[in-house]
Amino acid sequence: MIHKDTSDIEISLLLEAIFQKYGYDFRQYSQAHIRRRLMNRMKMTGFEYISQMQSEVLNDELFASKLLQDLSITVTEMFRDPAFYKSLREKVIPILKTYPFIKIWHAGCATGEEAYSMAILLQEEGLYDRTTIYATDFNQLALNQAKEGIFSNKMIKEYSVNYQLSGGKDSFSSYYTSNYDNVIMNQSLKKNIVWANHNLVTDSVFAEVNLILCRNVLIYFDKDLQNKVQELFNNSLINGGVLCLGSKESLCYTDFQEEYIELDKYQRIYKKRY
Ligand SMILES: C[S@@+](CC[C@H](N)C(=O)[O-])C[C@H]1O[C@@H](n2cnc3c(N)ncnc32)[C@H](O)[C@@H]1O
């Protein structure tokens, strides 16, 4: 007889309730991440037990939407990890230049900074006009913000530094206009970005693409789920297409390791074999 810890049982029942009622499936997310986020919400609401959140989530849609936001970490940046973008420019752009039309998928794009960074890079490399960028996330609030392309002024200094370090060819300020405390990204960057709600756990392939970026998302999934999502990526990428993961993510220990060659081991850039 296996005796699970009571809080483990409560968590698994809560995740089951969220899945059955709302269709969001967190059952194979990293337990440590889920526990941390639930404990945080429990403290904020003053509940004593995780199971108290179960009846709340089933009967109060507002509480449920707060919990869904808790479970989706949307921290992101423009040109996050500049060395990654430098490598993208040097090693992946030459591959993209060989295609007449380019399709790029940003899976888990959060509030859009990653997709805008890509649009800037492609404009500078003369590729944007023949590219469609699919930027997807399951967090509709984050997607709404991404679509607007309005970001706080406070971050701009850091983003400018990231941009320069990544090998940016212009001045970062030429890509937005300032408006009080915010900046508004240029309309020309938005024109080929398709923002869409897509859940990596429950939705399927929607396009055949040349490049996939899924950075700092799989880190929240357990090994089996990472494997399942890698299957989705493998089915979405053309042969010779490129997959980019986050700095703490890799293809190691997935069934798909042999399907790719490493373009840049340190920046987690992989090319699908022909
Ligand atoms: C930390 S952000 C990463 C943003 C960006 N890729 C970056 O590296 O800066 C993780 C994003 O993954 C999204 N995410 C988590 N689980 C997801 C799922 N099952 N389907 C789609 N997006 C998911 C979250 O909503 C969040 O916006």
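Whatever order the structure lists them in is the order used to number ligands and atoms, beginning at 1. As the structure is a computational prediction, the values presented were derived from the model and not from experiment. When a residue number appears, it is its place in the shown sequence, counting from 1. No hydrogens, no waters, no symmetry mates; every other heavy atom, side chains included, goes into these values.
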Decide side-chain hydrogen bond (donor to acceptor under 3.5 Å, both in side chains) for Glu231 and Asn227; before the verdict, give the C-alpha distance in whole Å, the side-chain angles of both, and the deciding distance to 0.1 Å.
CA-CA 6 Å; Glu231 185 176 3; Asn227 210 43; over 6 Å; no
Please assess Trp105 against Phe206 for the test ring-ring contact (aromatic ring centres under 6.0 Å, His included), listing each intermediate value before the final yes or no.
CA-CA 10 Å; Trp105 180 16; Phe206 63 90; 4.9 Å; yes
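Look at Lys191 and Asp129 and you find a salt bridge, because one of the NZ, NE, NH1 or NH2 atoms lies within 4.0 Å of a carboxylate O, short of that distance. For Asp8 and Arg35, the salt-bridge test passes: some basic side-chain N is under 4.0 Å from an acidic carboxylate O. Between Glu124 and Arg89 there is a salt bridge, with a side-chain nitrogen of the basic residue lying less than 4.0 Å from a carboxylate oxygen of the acidic one. A salt bridge is absent between Lys271 and Glu262: the closest approach of a Lys/Arg side-chain nitrogen to an acidic carboxylate oxygen does not fall below 4.0 angstrom.
Distances below 4.0 Å separate heavy atoms of Ala110 from the following atoms of ligand 1: 4 (C), 27 (O). When each atom of ligand 1 is checked for a heavy atom of Val201 under 4.0 Å away, the hits are 19 (N). Within the listing of ligand 1, atoms 5 (C), 6 (N), 7 (C), 8 (O) sit less than 4.0 angstrom from a heavy atom of Glu114. Every atom of ligand 1 is numbered from 1 in the order shown, and the set under 4.0 Å from a heavy atom of Asn199 is 18 (C), 19 (N), 20 (N). In summary, the atoms of ligand 1 found under 4.0 Å from a heavy atom of Ser72, numbered by their order in the structure, are 24 (C), 25 (O).
The protein heavy-atom contact nearest to atom 20 (N) of ligand 1 is Leu200 N, 2.9 Å. Taking atom 15 (C) of ligand 1 as the reference point, the nearest protein heavy-atom neighbour is Phe138 CE2, 3.6 Å. In terms of protein heavy atoms, atom 21 (C) of ligand 1 is closest to His198 O, 3.3 Å. The protein atom (non-hydrogen) at minimum distance from atom 4 (C) of ligand 1 is Gly108 O, 3.4 Å. Counting only heavy atoms of the protein, atom 9 (O) of ligand 1 lies nearest to Thr76 OG1, 2.5 Å. The nearest protein atom to atom 7 (C) of ligand 1, hydrogens excluded, is given as Arg80 NH1, 3.2 Å; this is a heavy-atom distance.
The distance criterion of under 3.5 Å between nitrogen or oxygen atoms is not met by Thr74 with respect to ligand 1. The N/O atoms of Val217, backbone and side chain alike, include none that comes under 3.5 Å of an N/O atom in ligand 1. Note: no N/O pair closer than 3.5 Å links Ala107 and ligand 1 by distance alone. For ligand 1, none of its N or O atoms has an N or O atom of Tyr220 under 3.5 Å away.
Figure legend: cation-pi geometry between Arg215 and Phe84, with NZ or CZ positioned under 6.0 Å from the six-membered ring centre and within 45° of its axis. By the 6.0 Å and 45° rule, Arg27 stacks over the aromatic ring of Phe19.
Which of Leu68, Thr136, Ile73, Asn139 comes nearest to atom 26 (C) of ligand 1 through a heavy atom is settled by distance: it is Ile73. One option in Leu213, Asn216, Asp137 has a heavy atom closer to atom 25 (O) of ligand 1 than any other, and that option is Asp137.
At a heavy-atom distance under 4.0 Å, only side-chain atoms of Tyr29, from C-beta outward, approach ligand 1. Contacts between Arg215 and ligand 1, counted as non-hydrogen atom pairs separated by less than 4.0 Å, involve both the backbone and the side chain. Looking at Val75 against ligand 1, only its backbone comes within 4.0 Å, counting heavy atoms.
The aromatic rings of Phe221 and Tyr29 sit tilted, their planes meeting at an angle between 30° and 60°. Phe26 and Tyr24 have parallel rings, their planes meeting at less than 30° on a 0 to 90° scale where 60° marks the start of perpendicular.
Two rings, from Tyr176 and Phe151, have their centers 6.0 Å or more apart.
With hydrogens and angles ignored, the 3.5 Å screen pairs no side-chain donor or acceptor of Tyr159 with any backbone N or O of Arg80.
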